[in-house]
Amino acid sequence: MSNVVLVTGAAGWLGGLLAHALRDDPGTPNVQLILADIIEPKAPEGVKAVTIKADLTDKAQINSLFATSLGIPDTVYCLHGIMSRGSEDNFDLGLQVNVDSVRSLLDATRHNGKKNPIKFIFTSSLAVYGGPLPEVITPSTIATPEGAYGMGKLTSELFVNEYSRRGFVDGRIIRLPTVVIRPGAPSAATSAFISGIIREPIKGLEYLCPIGDSLDSPELELAVWLASPQTTIKNFVIAKHISADKFLPHTRVVCLPGFTATIRDELRALEKVAGKGVVALVKFKDDPVNRRIVSSWPPQFDNSYPLSLGFVMDEGGMERIVQQFQKDVATGIA
Ligand SMILES: NC(=O)c1ccc[n+]([C@@H]2O[C@H](COP(=O)([O-])OP(=O)(O)OC[C@H]3O[C@@H](n4cnc5c(N)ncnc54)[C@H](O)[C@@H]3O)[C@@H](O)[C@H]2O)c1
């Protein structure tokens, strides 16, 4: 084991958090990081790292990730991507990044891991689901996406599974819940409001919620499947350490553990933690396109398979997450 880890999408939110978590992971001693993104990524302090500004839709730039001074990585985290609304609005770019570049990265990983298949950890999403769904999603629920983002993620999942079945790579596909609360500026994700209705008011700013027309709207009963960034990143690291023979024999897909909350539950948690005045900063203008896409995502999963593999889940629900975010804002982390 060289303990060289490649992270794509390393200038993004979760990529940046993952780089820090890998540095601090006792299971990956003396880790060395290759961090790549179309935006110049920043390496965490105290770790040997190479940062590469690369457009991963270009195969030559993908190959350059395997030719750094750190040598061939033994694990690849494939996090780069165009988020949900971005893929819906720019279909061609979504396909180029979420499918074509993932396949090119898989091929490069395959060719560089001929003797020892390289671990390939792919971040997918619950957006792969759509259509009529059972009340609770289980590992045998068929994924039928209703948006370009979910379709792109599912297509790439099939490649990761097939490349794993053939022994080209040692794949791990983790379908993430919606991760809250995302710091920084509002993103292009259809799910951006799920963080925005907490983040902006906590910072003393107004936020326009695209679901419902007022605090009394029945649309606020829309339920979503959530996880905190802290738990999600722990699970990214756990994904690397699970022995390949523990996965179901026919698929490397795992839906990471999460919990269900409605938009109203989120606003109640905000009120409990920060008060009525802060909730009053949330304004409403219903956006049917946004609501249609988010409503097609399943709000409840059976956590037993991921928990049996050793993945972990949030304790304390939405209130704990809002409290943590409030602390992060106060201390300047968020
Ligand atoms: N955040 C969530 O709630 C969530 C939920 C489900 C799945 N995911 C998945 O997790 C991964 C990370 O999510 P995130 O929230 O950190 O996203 P993010 O948007 O913050 O980061 C994605 C990164 O990909 C980079 N990128 C885009 N096109 C690129 C290209 N052509 N070449 C190189 N880099 C490129 C972007 O510059 C960005 O830094 C993504 O694959 C996303 O689909 C995230």
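Residue numbers run from 1 in the order of the sequence given. Side-chain atoms are counted along with the backbone in the values below, which use heavy atoms only and exclude waters and symmetry mates. What you see is a predicted model; the values in this text were computed from it and never measured. Both ligands and their constituent atoms are indexed starting at 1 by order of listing.
F301 and Y129 have their aromatic ring centers within a separation under 6.0 angstrom.
Those atoms of ligand 1 that come under 4.0 Å of a heavy atom in M83, given as number and element, are 17 (O), 19 (O), 40 (C), 42 (C), 43 (O). Per-residue contacts place L56 under 4.0 angstrom from the following atoms of ligand 1 (heavy atoms of the residue considered): 30 (C), 31 (N), 32 (N), 33 (C). Those atoms of ligand 1 with a heavy atom of L79 less than 4.0 angstrom away are 11 (C), 12 (C), 40 (C), 41 (O). Listed by number with element, the atoms of ligand 1 under 4.0 angstrom from any heavy atom of G9 are 23 (C), 24 (O).
Using a 4.0 Å heavy-atom cutoff, A11 is listed among the residues neighbouring ligand 1. In this structure, A127 falls outside the shell of residues with a heavy atom less than 4.0 angstrom from ligand 1. Ligand 1 lies within reach of K153, whose nearest heavy atom is under 4.0 Å from it. Residue Y149 places a heavy atom under 4.0 Å from ligand 1. At least one heavy atom of P177 lies less than 4.0 angstrom from ligand 1. The closest approach between a heavy atom of S124 and any atom of ligand 1 is below 4.0 Å.
Only backbone heavy atoms of A54 (N, CA, C or O) come within less than 4.0 Å of ligand 1; its side chain stays farther off. With a 4.0 Å heavy-atom cut-off, ligand 1 is reached by no atom of R175. Using a 4.0 Å cut-off between heavy atoms, V97 contacts ligand 1 through its side chain alone, with no backbone atom that close. At a 4.0 Å heavy-atom cut-off, ligand 1 does not touch C78 at all. Under 4.0 Å from ligand 1, not a single heavy atom of A10 appears.
Checked by atom type, the side-chain pair S228/Q324 shows no donor-acceptor distance below 3.5 Å.
Counting only heavy atoms of the protein, atom 31 (N) of ligand 1 lies nearest to D55 OD1, 3.0 Å. The protein heavy atom nearest to atom 38 (C) of ligand 1 is D37 OD2, 3.5 Å. Protein heavy atom closest to atom 18 (P) of ligand 1, with residue, atom name and distance, is R182 NH2, 3.5 Å. What sits closest to atom 3 (O) of ligand 1 on the protein, heavy atoms only, is V179 N, 2.9 Å. For atom 34 (N) of ligand 1, the closest heavy atom belonging to the protein is I38 N, 3.2 Å. For atom 6 (C) of ligand 1, the nearest non-hydrogen atom of the protein is L176 CB, 3.5 Å. Nearest to atom 27 (C) of ligand 1 among the protein's heavy atoms is G81 O, 3.5 Å. The protein atom (non-hydrogen) at minimum distance from atom 21 (O) of ligand 1 is G12 CA, 3.4 Å.
A salt bridge is defined here as a Lys NZ or Arg NE, NH1 or NH2 lying under 4.0 Å from an Asp or Glu carboxylate O, and R264 with E221 meets this definition. Between R23 and D25, no side-chain nitrogen of the basic residue sits less than 4.0 Å from a carboxylate oxygen of the acidic one, so the salt-bridge criterion is not met. Ion pair K276/E271 flagged as a salt bridge, since at least one NZ, NE, NH1 or NH2 atom sits closer than 4.0 Å to an Asp/Glu carboxylate oxygen. Between K59 and D107 there is no salt bridge, since no side-chain N of the basic residue sits under 4.0 Å from a carboxylate O of the acidic one. Contact check on K240 versus D170 returns no salt bridge, with no Lys/Arg side-chain nitrogen under 4.0 Å from an Asp/Glu carboxylate oxygen. Using a cutoff of 4.0 Å between basic side-chain nitrogens and carboxylate oxygens, R166 and E162 are scored as salt-bridged.
The CH2 atom of W13 sits 6.0 Å away from the CZ atom of R182 when rounded to the nearest 0.5 Å.
Between R252 and G171, the closest heavy-atom pair is NH1-O, 2.7 Å.
Around NZ of K203, the count of heavy atoms belonging to other residues, nucleotides or ligands within 6.0 Å exceeds 12. Within 6.0 Å of CD1 on I333 lie more than 12 heavy atoms contributed by other residues, nucleotides or ligands.
By the 3.5 Å distance cut-off applied to N or O atoms, I39 is not counted among the residues near ligand 1.
Using bins of under 30°, 30° to 60° and over 60° for the plane-to-plane angle, the ring pair F159/Y163 lands in the perpendicular bin.
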After noting the C-alpha distance and the side-chain angles of D265 and T262, does the key distance pass the side-chain hydrogen bond (donor to acceptor under 3.5 Å, both in side chains) rule? CA-CA 5 Å; D265 291 335; T262 64; 3.2 Å; yes
